[in-house]
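Each chain gets a letter, A, B and so on, in the order the sequences are listed, and its residues count up from 1.
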Amino acid sequence: MSKVMIKDLGSFMEKKVKVSGWLYNRTSKGKLIFLLIRDGSALVQAIVSRQTLSEEQFNLADKLTQESSLEIMGVVREDNRAVGGYEIEVESLKVFQICDSYPISPKEHGVEFLTFHQHLWIRSQHISSILKIRAEIISAARNFLNSQGFYQVDTPILTPSACEGTSTLFKIDYFGEPAYLAQSGQLYNEANCMALGKVYTFGPTFRAEKSRTKRHLMEFWMLEPEMAFVEQEENMSIQEELICFIVSSVLKKCSNELTTLKRDVSFLKKVQPPFPRLTYSRAVELLREKGFDIKWGDDFGAPQETAISSLHEKPVFITHYPATIKAFYMQPDIDNPELVLCADLIASEGYGEIIGGSQRIHDYNLLKKKINEHNLPEEAYQWYLDLRKYGSVPHSGFGLGLERTVSWICGLSHIRETIAFPRMLDKIYP
RNA sequence: UGCUCGGUAGCUCAAUGGUAGAGCAGGCGGCUGUUAACCGUCUGGUUGCAGGUUCAAGUCCUGCCCGAGCAGCCA
């Protein structure tokens, strides 16, 4: 007899199998009990009757509560009355634990209650489907980058200073010295790509901003590729290919999960190259036409991003921002030094920015000047300046916000559902 | 941080200023094809906290706490 994952039961028709899992729901017709069992891979209905089970085992099955842990042995039968088209006719039952009254009933619940029970909410079909899609997105991204000759090189989480002077960092005590949790691995990755050519970092990043929105977490995961000898245009096409590869992998491998989430996949199917490109200046014009009160030089907020994304069915690149509202390390546009060679990728359907990328300054003197203009401590950036001293080359990179990408692909209304244990403003339990 | 809305049973929600209610969950009983099963029955309350108005406050007023939505902040 085989120990089988529920998702693989289809290939064990009329065979005897062993399944271990938890009781998702139960209904009873007196002498006939229906157990809906989950094992993390899928759900299956098991049927218990007095005909196939001893009196003692039948009574045990009758006592099972939601989330009781168990193991069943029985024969897989085709039956279109069961969810998924087959069910298990139980011949024997082993119970690990009869569950106490489980807090999350199969009815509706509010956000506060669910997030307080986050450690249990992840068992729901809703959250576990999202986590599976998240896993597929990560796997697809790694497969894509690895196939393109990238090496994963991870960067430190404990850092001596800000990558930039702007964001609010989490400060910690490092043996009596101040240190900070990383808000990006980019600067270190610029060093790494001068060693290995094409690299990416995938890890957690931390922002201590008092942001309380559906698209912000205090702790989130970022995929940050960095490439030597790559300029703005090539940087954008790699982003485009990466996003298309991720979306098509999810469509191919996660159709059950997308169905569980009731995701309308028609938008996802349109995610094919090329993505529309829009300069910052053009975007400002379009926003003005739509009635936004915005002047050249202002940064875009959430409503502006949503308005721009609504003009297109695909994700859209916004390029050539004014240098004044972007980071110090971005390469100025040779035709107009007020602009920088950067691109934000705005997801479709109003999900906002999922990628921010740019070509980096490779000239020593220019970078030094920018560091001073931004009032950053030059000493702290000595190693970063060194990269422009010893065999400097044009290079580019970008950062993909994993949770925002998951939120977009899954069609979620809030980013808190995209990670097993979200870290929110003023909310760190459990 | 600002604006707006909210807080009643374990959960989701009702309740003209006039006796605190229902469904689900949980207990007990019934049912051989249920799909958030159903039927009967039982259990379940400091109405977020503190004060005030009133013969009477879940309901009106003030302050505070907590949550949510939006905005700001935000490579």
Side-chain angles (χ1 to χ4, degrees), chain A residues 24-36 43-52 58 62-63 65-67 77 79-85 87 89 98-117 120-121 124-125 162-169 182-187 189 205-218 220 222 224 298-306 318 321 323 325-330 340 342-345 352-358 360 374 397-401 404 413-414 416 424-427:
Chain A
Y24 199 68
N25 203 359
R26 181 178 72 96
T27 68
S28 162
K29 288 285 292 179
K31 295 189 179 66
L32 194 62
I33 302 168
F34 299 94
L35 306 175
L36 193 59
L43 287 175
V44 70
Q45 174 170 291
I47 186 159
V48 173
S49 83
R50 287 190 192 280
Q51 285 172 355
T52 49
F58 184 88
D62 204 33
K63 284 199 177 64
T65 53
Q66 190 188 354
E67 287 302 312
R77 303 264 191 235
D79 194 318
N80 56 20
R81 290 171 296 189
V83 177
E87 63 186 14
E89 203 175 282
I98 301 277
C99 183
D100 276 351
S101 178
Y102 188 67
I104 306 180
S105 65
K107 296 280 176 179
E108 286 169 20
H109 300 281
V111 169
E112 186 181 4
F113 177 79
L114 289 170
T115 54
F116 184 74
H117 293 92
L120 304 176
W121 191 25
S124 68
Q125 289 301 103
C163 286
E164 296 169 48
T166 55
S167 281
T168 318
L169 303 171
Q183 57 161 346
S184 163
Q186 181 201 315
L187 270 51
N189 248 354
T205 52
F206 307 87
R207 308 270 167 103
E209 277 123 21
K210 299 269 182 189
S211 301
R212 190 191 136 72
T213 80
K214 61 172 72 170
R215 54 178 72 160
H216 286 89
L217 293 171
M218 303 301 109
F220 65 98
M222 200 151 55
E224 296 180 283
D298 288 347
D299 205 354
F300 301 144
Q304 286 83 12
E305 284 183 356
T306 303
I318 305 179
Y321 279 74
I325 53 171
K326 285 292 179 184
F328 75 93
Y329 50 71
M330 292 187 181
V340 285
C342 68
D344 285 353
L345 184 65
E353 181 188 343
I354 52 172
I355 291 181
S358 68
R360 326 301 193 189
H374 282 78
F398 60 94
L400 177 149
R404 287 185 181 179
S413 56
H414 202 292
R416 63 181 159 235
M424 318 266 293
L425 186 61
D426 297 327
K427 195 169 200 174

Residue closer to the 5' end of RNA chain B, F300(A) versus F113(A) (nearest nucleotide): F113(A)

Comparing Q66(A) and I47(A) on RNA chain B - which has the more 5′ nearest nucleotide: Q66(A)

Aromatic ring pairing H117(A)/F113(A), orientation class (parallel under 30°, perpendicular over 60°, tilted between): tilted

Any side-chain heavy atom of [X] within less than 4.5 Å of one from [Y]?
{"X": "E353(A)", "Y": "F300(A)", "answer": "no"}
{"X": "Q45(A)", "Y": "V83(A)", "answer": "no"}
{"X": "I104(A)", "Y": "W121(A)", "answer": "yes"}
{"X": "Y321(A)", "Y": "M330(A)", "answer": "no"}

If we call it a pair only when both distances are under 3.5 Å in a Watson-Crick or G-U wobble match, what pairs with [N]?
{"N": "rC38(B)", "answer": "rG30(B)"}
{"N": "rC60(B)", "answer": "rG52(B)"}
{"N": "rG6(B)", "answer": "rC66(B)"}
{"N": "rU12(B)", "answer": "rA22(B)"}
{"N": "rU1(B)", "answer": "rA71(B)"}

Nearest whole angstrom, please: distance from the [atom2] of [N] to the [atom1] of [X].
{"X": "L425(A)", "N": "rG67(B)", "atom1": "CG", "atom2": "C1'", "answer": "13 Å"}
{"X": "K210(A)", "N": "rA71(B)", "atom1": "NZ", "atom2": "C1'", "answer": "17 Å"}
{"X": "Y102(A)", "N": "rC11(B)", "atom1": "OH", "atom2": "P", "answer": "15 Å"}
{"X": "I104(A)", "N": "rC24(B)", "atom1": "CD1", "atom2": "C1'", "answer": "15 Å"}
{"X": "Q183(A)", "N": "rC73(B)", "atom1": "CD", "atom2": "C1'", "answer": "14 Å"}
{"X": "H109(A)", "N": "rG7(B)", "atom1": "NE2", "atom2": "P", "answer": "19 Å"}

Which of these nucleotides, [options], is closest to any side-chain atom of [X]?
{"X": "F34(A)", "options": "rU34(B), rC74(B), rC24(B)", "value": "rU34(B)"}
{"X": "S211(A)", "options": "rC73(B), rU34(B), rC70(B)", "value": "rC73(B)"}
{"X": "R81(A)", "options": "rU34(B), rU32(B), rA68(B)", "value": "rU34(B)"}
{"X": "P303(A)", "options": "rA71(B), rC73(B), rU34(B)", "value": "rA71(B)"}
{"X": "R416(A)", "options": "rU34(B), rA68(B), rC74(B)", "value": "rA68(B)"}
{"X": "H216(A)", "options": "rG33(B), rG69(B), rC73(B)", "value": "rC73(B)"}
{"X": "K427(A)", "options": "rA68(B), rC74(B), rA36(B)", "value": "rA68(B)"}
{"X": "R212(A)", "options": "rA71(B), rU32(B), rC73(B)", "value": "rA71(B)"}
{"X": "T65(A)", "options": "rG27(B), rU34(B), rU12(B)", "value": "rG27(B)"}
{"X": "E112(A)", "options": "rG67(B), rU32(B), rA25(B)", "value": "rG67(B)"}

Distance test, side-chain N/O of K29(A) to OP1/OP2 of rC38(B), below 4.0 Å: no

Straight-line distance of Q186(A) CD to E224(A) CD, nearest 0.5 Å: 6.5 Å

K107(A) NZ to H109(A) NE2 distance, which is reported to the nearest 0.5 Å: 9.5 Å

What's the gap between [N] and [M] when it is taken at their [atom1] atoms, as a whole Å value?
{"N": "rU16(B)", "M": "rG26(B)", "atom1": "P", "value": "31 Å"}
{"N": "rC64(B)", "M": "rG45(B)", "atom1": "C1'", "value": "24 Å"}
{"N": "rG30(B)", "M": "rG17(B)", "atom1": "C1'", "value": "45 Å"}

Main-chain N/O of G352(A) paired with R404(A) side-chain donor or acceptor, under 3.5 Å: no

Classify [X] by what it touches in the nucleic acid, base, sugar-phosphate, or nothing, heavy-atom distance under 4.0 Å.
{"X": "H117(A)", "value": "nothing"}
{"X": "P106(A)", "value": "base"}
{"X": "N25(A)", "value": "sugar-phosphate"}
{"X": "M424(A)", "value": "nothing"}
{"X": "R215(A)", "value": "nothing"}
{"X": "G357(A)", "value": "nothing"}
{"X": "S28(A)", "value": "base"}

Heavy-atom donor-acceptor pair, E87(A) side-chain to rG33(B) base, under 3.5 Å: yes

